[in-house]
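These notes are about the structure you will find just below.
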Amino acid sequence: MNELYADRIFTARGTEALALELFQAQYGGNELYRAYVNALRIQPAQVRSVLQIPFLPIQFFKTHRVTTGSFEPAAVFESSGTTGAANSRHLVKDTGIYIRSFMEAFRLFYGPVENFVVLGLLPSYLERQHSSLVYMVQEMIARSGRPESGFYLYEHEKLAQTLQALEARRQPVLLIGVTFALLDFAERYQLQLQHTIVMETGGMKGRREEWTREELHAYLQQRLGVPAIHAEYGMTELLSQAYSAGKGLFRCPPWMQVLVRDENDPFQLAAADAAGVINVIDLANIHSCAFIATEDIGRLHGDGSFEVLGRLDNSALRGCSLMVS
């Protein structure tokens, strides 16, 4: 797919026509995806709706090279994984598409990043290489053009002082942090952040006792003095993100779409407002696979928003059994 296609992704008003076009292109150019579609005995010529497109189980990013066409990647993003487990690897041909995706999505939901001081509280991600989240926040810090923007590892006192100074100036701030780090910070410092967006990216992974989303957000709101906790829904295998302005309700940019499938039948949509497996169409995944069946359980609402409820049990055993590497 060429640069003209990338331009169309970010200017189109919907995903349907471009998704069908990209499905045909990825069936033809992605050997793994083609083998998966063939294993399902799906005839590409008969796919005329996004509801008929097969979604590749995300587990394949841990075991296979997921690429459309042959190329040397400009970047390789890797998931954090757990001890002893294989990490997902997303081979990115053009980092410019990723930058355009996250910068345009942020602008749509929050306005130009240049309006913000961007503070990243991402200790576990900064301590490893090849994090797509660190890449995104690093680029946002640079593009904010603000000398106060930057990353924080464990300098909680310095972070608190910076936030208080920026609050005194009524400077809009984006504080984006991994969940356990935001909790650690909020336990030590109680603030009143009237000009700061606090955005959590998920990520407890054994670092702390798991909290429900409601408990987590209520605690952070009370300790940091903000009316809502925002959130970002993204992952190594995607080049686009959905955002929540509160209550865990996420919305996608126009080039990204979420479907929720029945847990026991990957070709059946879940009933309205029922829980099911989150499938994502990410049109920015031009050079990998744009149709991903995640391991997340979620609920899609009538207004197009969705929420994430948890993880799919025994997720590694589903879907991938159709093919033997």
Side-chain angles (χ1 to χ4, degrees), residues 15 19-20 22-44 47 49-69 76-82 84-92 132 202 205 233-242 250 252 256-270 274-300 306 308-325:
T15 60
L20 290 170
L22 189 53
F23 164 69
Q24 297 294 339
Q26 293 190 332
Y27 177 81
N30 185 321
E31 293 182 7
L32 172 67
Y33 187 54
R34 181 168 61 251
Y36 181 69
V37 173
N38 290 342
L40 295 173
R41 298 183 180 180
I42 290 174
Q43 298 297 322
V47 174
S49 163
V50 294
L51 301 181
Q52 298 174 302
I53 293 175
F55 286 72
L56 186 73
I58 202 168
Q59 191 74 12
F60 279 119
F61 281 84
K62 295 183 178 181
T63 58
H64 291 70
R65 182 184 175 99
V66 184
T67 61
T68 296
V76 178
F77 294 140
E78 293 187 4
S79 63
S80 56
T82 55
N87 293 344
S88 289
R89 301 179 79 247
H90 189 174
L91 280 60
V92 180
S132 59
K205 293 192 175 179
Y233 181 76
M235 57 192 68
T236 299
E237 300 83 359
L238 303 177
L239 294 184
S240 299
Q241 301 80 29
F250 291 91
C252 297
M256 179 183 181
Q257 182 179 354
V258 161
L259 305 173
V260 175
R261 307 279 188 170
D262 186 283
E263 181 176 345
N264 298 309
D265 184 354
F267 299 101
Q268 178 65 45
L269 289 177
V277 180
I278 292 177
N279 287 185
V280 178
I281 299 174
D282 181 5
L283 297 183
N285 272 14
I286 300 170
H287 302 294
S288 54
C289 183
F291 313 100
I292 305 298
T294 77
E295 296 171 350
D296 293 327
I297 294 291
R299 179 180 291 116
L300 184 64
F306 70 97
V308 182
L309 304 176
R311 299 282 284 176
L312 183 63
D313 292 335
N314 300 319
S315 55
L317 303 179
R318 299 172 184 267
C320 298
S321 60
L322 285 167
M323 296 167 59
V324 177
S325 58

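What's counted below: heavy atoms across the whole structure, side chains too, no hydrogens, waters or symmetry copies.
The side-chain contact (heavy atoms from CB on, under 4.5 Å) search around L51 returns S49, L259, L269, not counting sequence neighbours. Shown here are the side chain to side chain donor-acceptor pair (under 3.5 Å) partners of T15, two or more places apart in sequence or in another chain: Q257. Every residue two or more places apart in sequence or in another chain was checked for a salt bridge (charged side-chain N to carboxylate O under 4.0 Å, His left out) with R261, and none qualifies. Residues passing the ring-ring contact (aromatic ring centres under 6.0 Å, His included) test with Y27: none are found, sequence neighbours excluded. Every residue was checked against the side chain to side chain donor-acceptor pair (under 3.5 Å) condition with T294, not counting sequence neighbours, and none meets it. In this structure, the side-chain contact (heavy atoms from CB on, under 4.5 Å) partners of I42, at least two apart in sequence or on a different chain, are V37, L40, V47, P54, F267. Partners of E78 by side chain to side chain donor-acceptor pair (under 3.5 Å), not counting sequence neighbours, listed by chain and number: R89. Scored by the ring-ring contact (aromatic ring centres under 6.0 Å, His included) test, F61 finds H90 as partners (sequence neighbours excluded). Applying the side chain to side chain donor-acceptor pair (under 3.5 Å) rule to E237 yields the partners S88; only residues at least two apart in sequence or on another chain are considered. Here V277 pairs with E263, N279, I297, L312 under the side-chain contact (heavy atoms from CB on, under 4.5 Å) rule; sequence neighbours left out.
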Could you give me the CA-CA distance, side-chain angles and deciding distance for F23 and V50, then say whether side chain to side chain contact (heavy atoms under 4.5 Å, CB included) is met? CA-CA 9 Å; F23 164 69; V50 294; over 6 Å; no
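Proximity of a side-chain donor or acceptor of D296 to a complementary backbone N or O of L309 within less than 3.5 Å is not detected. Remark: the backbone N or O of S288 is paired with a side-chain donor or acceptor of N30 at under 3.5 angstrom.
Proximity of L22 to L283: side-chain heavy atoms (C-beta onward) are separated by under 4.5 Å at one or more points.
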